[in-house]
> 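The following block contains the structure, expressed as structure tokens.
Below, read A as the first sequence line, B as the second, and so on, with proteins coming before strands; counting in each chain starts at 1. Fair warning: this is a prediction, and the values are worked out from it, not measured in the lab.
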Amino acid sequence: MRSTTIDKLPQLVGEQAQIHAWVMNVRSSGKIAFLQLRDGSGFVQGVVVRNEVDDETFELATGLGQESSVTVRGEVREDKRSPSGVELGVSEIRAVHGSSEYPITPKEHGVDFLMDNRHLYLRHRGPWAIMRIRDEIQRAAHDFFTERDFVRFDSPFFMPTAVEGTTNLFEIDLFGDDTAYLSQSGQLYAEAGAMALGKVYTFGPTFRAEKSKTRRHLLEFWMLEPEVAYMDHEGNLQLQVDLISYLVGRVLENRRQELEILGRDTSKLEPSAQGDFPRLTYDEAISFLQSKGEDIAVGDDFGAPHETIIGEAYDRPVIIEAWPSDVKAFYMQPYENDPTRVKANDMIAPEGYGEIVGGSERIYDLALLEKRIEEHNLPREAFEWYLDLRRYGSVPHSGFGMGLERVVAWVTGAKHLREVIPFPRMLTRLYP
RNA sequence: UCGGCGGUAGCUCAGUGGCAGAGCGAUCGGCUGUUAACCGAUUGGUCGUAGGUUCGAAUCCUACCCGCCGAGCCA
């Protein structure tokens, strides 16, 4: 008999099947036992009836500890009570490996305990659903850029200097002679890539040594950063809206079961799949916040509560553009008619998930970029190669960064970013 | 770094000066359709750490450690 996987069982009703699985839980009476089985592809209930199997098999079934690994054979049966519509009438069980005193019991647990046991907790329904949605979003992003003839372009993780002088970086000792920093963004290198290949995107882990202890921060997170030569601010916004609406659409299309396991209200996601995201200028956003009674003035950056207030006003992500240049990074292109504002935007997710995208048109004039580097007190020598991009055939170009975990958290409805990455790295957690 | 809350059995928690508790888990037994199954029994403790007050401290005091939530910073 050929082995199959649980997700394929609904197509095999009435047939014999064999699966390689783990036992999540056993419920039994004297004459019947129910095995909750999982194999990574899905979940199914195995039913073992005493007078249909030999004594040895029945005793094996009722004695299986939580997370024992088993190979199970039986008949696939339709059953209305099962979420997948089928169950397995077990005729044969082979124990692969036992398990006893499994720490994560079928009752409630605290966050810290589950994070201590993250390597095991990943086996459970909620994390399973989230990891499959995370995968779908990454896969969809690659498809999106592939369809648009982008080239994936990998930027280094060891950096000679800060991309944006403001954030703290992790230092790496290079044999005592030199110091490198872990990348906080692949953007500058992506700009070089865009000049070589036209349309590129980087995707990889980035590191921020910020002592942030909130649900929206990790020390290590994954960022998707497209960069496009000859693309202006308007084109940049369009690309962002197209990408985000595409990602949400793909999850709604291919990961319904996972969203249901998570109890996600999909009606709250559907508008975001349609595109047509609202746009506010920075000044309009400030006025809006003031009208809500917030103590904020033009020139201030937004805090997390401000982002939440704006995000909650719309049923889909909202774009905030035309930022004051001094609250944003050094490389952002000012407006021709108002040099105090830059062609930069944030995209704020609904439901309080905060900023999911930050992007801008980049400065392409050499003199202006040199001036900004000086104004921001950045080490000029580390940026010579970056300035070269403005010396030889400089062109307008734009790009943005999307925080993968922020997007996955929003789409899945997760309470904390640590839930949406397999092994979160935080101020208070490096293990497992 | 700052503010708030917390640390008691493997897990989730109750216990505010007088014998260390419950539910779940685990173990054993029962039960023919269970859905975090149910019923009975058994098992289980450095009350975060150190010091202090007291006849007596999980409980009061001091210091420290750790965690959670929020702020700042950011994606």
> Is it true that K328(A) and D346(A) make a salt bridge, defined as a side-chain N closer than 4.0 Å to a carboxylate O?
yes
> Which nucleotide in the list rG25(B), rG72(B), rU34(B) gets nearest to the side chain of T214(A)?
rG72(B)
> When you measure from the side chain of K31(A), which nucleotide among rU32(B), rU34(B), rC69(B) comes out closest?
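Closest of the options to the side chain of K31(A): rU32(B).
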> When we call it a touch if two heavy atoms are under 4.0 Å apart, what does D79(A) touch: a base, just sugar-phosphate, or nothing?
base
> Does the structure show a Watson-Crick or G-U wobble partner for rC60(B), both distances under 3.5 Å? Name it, or say none.
rG52(B)
> Quick one: H306(A) NE2 to rC73(B) P, roughly how many Å, whole number?
10 Å
> Please state whether the phosphate of rG70(B), meaning OP1 or OP2, lies under 4.0 angstrom from any side-chain nitrogen or oxygen of R215(A).
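So the side chain of R215(A) is within the cut-off, an N or O lying under 4.0 Å from OP1 or OP2 of rG70(B).
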> Report yes if the distance between the aromatic ring centroids of F383(A) and Y331(A) is under 6.0 Å, otherwise no.
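No: the rings miss the under 6.0 Å criterion.
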> Answer yes or no: does a side-chain N or O of R418(A) lie under 4.0 Å from OP1 or OP2 of rC69(B)?
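Checking R418(A) against rC69(B): at least one side-chain N or O falls below 4.0 Å of OP1 or OP2.
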> What is the distance from CD of E307(A) to P of rA71(B), rounded to the nearest Å?
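E307(A) atom CD is separated from rA71(B) atom P by 10 Å.
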> With no angle test and no hydrogens, is the base of rC11(B) tied to the side chain of H109(A) by a donor-acceptor pair under 3.5 Å?
no
> Let's see if you can work this out: which of rA36(B), rG72(B), rU32(B) has an atom nearest to the side-chain heavy atoms of P106(A)?
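Nearest to the side-chain atoms of P106(A), counting from C-beta on, is rA36(B).
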> Measuring centre to centre across the rings, with the benzene-like ring taken for any Trp, is H119(A) within less than 6.0 Å of F423(A)?
no
> Tell me which nucleotide among rU34(B), rG67(B), rG72(B) gets nearest to the side chain of Q36(A).
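Out of rU34(B), rG67(B), rG72(B), the nucleotide with an atom closest to Q36(A)'s side chain is rU34(B).
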> According to a strict under-4.0 Å criterion, is R27(A) in side-chain N/O contact with OP1 or OP2 of rU32(B)?
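No, R27(A) has no side-chain N/O under 4.0 Å of OP1/OP2 on rU32(B).
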